[in-house]
Amino acid sequence: MKIATFNINGVKARIETVSTWLSDSKPDVALLQEIKSVDENFPRQHFEDMGYTVETHGQKGFNGVAILSKLPLEDVTRGLPGDDSDEQARWIEATVIGERPIRICGLYLPNGNPAPGPKYDYKLAWMERLKARAEALLEMEEPALMAGDYNVIPQDEDAARPDAWRTDALALPQSREAFRRVLNLGFTEAFRARNMAPGHYSFWDYQAGAWDRNDGIRIDHFLLTPQCADLMQDCWIEGEMRGREKPSDHVPVWLDLAA
DNA sequence: ATGACCAGTAACACTGGA
């Protein structure tokens, strides 16, 4: 089973790009972030016609996550637990019913800039809630994963110019520590389990010719429970997508599971 | 700061992104 995570930067603006990608690359499950659409306006029928089951958790204007799946989905839940006052649409979960059921969480972690400030406080608080959900997933002792746009550059080798990000919310020591605290509960960071080399990125800014200069960062990640990591066959980044027509500023990251 | 953006909402500028 091939699962991809992709921050599409607006479903309306990306409908053509995403549809071509689905037809060409054929993910069994696609976790989408930044759909920037309310559920009523999401082009559900369009993706259903392509053979996908569609579950969305959107809001007006910003954020928003979705799951497209060729396999049946069960027990869909929306919103990251831990703060009933949080109105931002950044988390969706479902169980994918394949050879072996897998709990899949799609996430869009807050950017947090400028730091310090209320937006950074929100990011760190959100990561605390993520850690709590991650602990609960581990306790199930079943194949499960959390994937999406983490808005965290885990290490210096995940940026072309690490010094340019030194004071940014994506790379501040507190952000990296919060990410590591989740990882160190016992998750496998899928891409790094397969490839230790520097120079692999999942985001290139639209500005200043970042793509042409390969001035990128790696911020889209797959975190796997041990039972899920046992099933991993491969993990890779589809960087080529950034050079296509009307690209998102992110590219898809892929996970292949023996399930 | 090696360089000049993009999407959505709302109306001819702003917010948010990273």
Side-chain angles (χ1 to χ4, degrees), chain A residues 5-19 21 31-43 46 56-66 86-91 106-127 130 147-176 178-179 199-221 237 239 241-253:
Chain A
T5 176
F6 191 5
N7 179 324
I8 62 173
N9 189 17
V11 71
K12 192 178 166 192
R14 217 65 59 206
I15 183 82
E16 222 39 64
T17 307
V18 171
S19 301
W21 170 70
L31 306 172
L32 307 181
Q33 300 90 39
E34 281 206 270
I35 62 173
K36 296 187 178 181
S37 164
V38 292
D39 296 336
E40 308 85 79
N41 294 343
F42 191 86
H46 173 80
T56 62
H57 180 39
Q59 69 178 90
K60 189 176 175 174
F62 307 105
N63 306 327
V65 288
D86 186 0
E87 312 239 312
Q88 301 194 31
R90 297 178 173 277
W91 182 272
L107 66 99
Y108 176 44
L109 203 147
N111 173 305
N113 280 305
K119 289 187 175 180
Y120 194 56
D121 295 340
Y122 174 67
K123 177 177 194 155
L124 294 178
W126 202 94
M127 293 182 84
L130 172 65
D149 178 357
Y150 278 77
N151 269 316
V152 174
I153 303 167
Q155 302 189 102
D156 277 359
E157 48 265 51
D158 297 309
R161 293 184 302 126
D163 286 339
W165 298 93
R166 207 60 73 190
T167 62
D168 192 283
L170 276 62
L172 281 172
Q174 267 186 291
S175 306
R176 290 180 169 179
F179 181 76
H200 292 275
Y201 312 126
S202 65
F203 169 91
W204 295 260
D205 202 296
Y206 287 123
Q207 301 185 65
W211 167 246
D212 296 326
R213 295 175 10 240
N214 194 23
D215 181 8
I217 52 178
R218 195 176 67 89
I219 56 177
D220 299 87
H221 310 299
I237 302 173
M241 280 293 294
R242 186 62 177 78
R244 293 269 189 94
E245 195 83 8
K246 212 165 188 311
S248 169
D249 39 10
H250 295 251
V251 297
V253 182

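Order of the sequence lines fixes the chain letters, A, B, ..., with proteins taken first and strands second; residue numbering starts at 1 for each chain. This is a predicted model, so every value here is computed, not measured.
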Residues two or more places apart in sequence or in another chain: which of them pass side chain to side chain donor-acceptor pair (under 3.5 Å) with [X]?
X: A:W204; value: A:N214
X: A:W21; value: A:E238
X: A:D168; value: A:N113

Using the P atom on both, measure B:dC6 against B:dA10 and round to a whole Å. 22 Å
Taking only the C1' atom of each, what is the distance from B:dT15 to B:dG3 in whole angstrom? 23 Å
For a quick check of understanding: with a heavy-atom distance under 4.0 Å over all strands, which category does [X] fall into, base, sugar-phosphate or nothing?
X: A:D149; answer: sugar-phosphate
X: A:D168; answer: nothing
X: A:N63; answer: nothing
X: A:R166; answer: nothing

Would you mind listing every salt bridge (charged side-chain N to carboxylate O under 4.0 Å, His left out) that reaches into residues 206-216 of chain A, with sequence neighbours excluded? A:R161-A:D215, A:R213-A:D215
If only side-chain N and O atoms of A:H250 are considered, is one of them under 4.0 Å from the OP1 or OP2 phosphate oxygen of B:dG17? no
Examine the side chains of A:N9 and A:S248 and answer whether a donor and an acceptor come within less than 3.5 Å of each other. no
Ignoring hydrogens and angles, state whether a donor on the side chain of A:D220 or A:T5 is under 3.5 Å from an acceptor on the partner side chain. no
Side chain of A:S175, backbone of A:A171: donor and acceptor closer than 3.5 Å? no
Starting at the 5' end of nucleotides 2-10 of chain B, put B wherever the base has a protein heavy atom under 4.0 Å, S where only the sugar-phosphate does, and a dash everywhere else. BB-BSSSSS
For DNA chain B, determine which residues of residues 107-118 of chain A have any heavy atom closer than 4.0 angstrom to one of its atoms, and list them numerically. A:Y108, A:N111
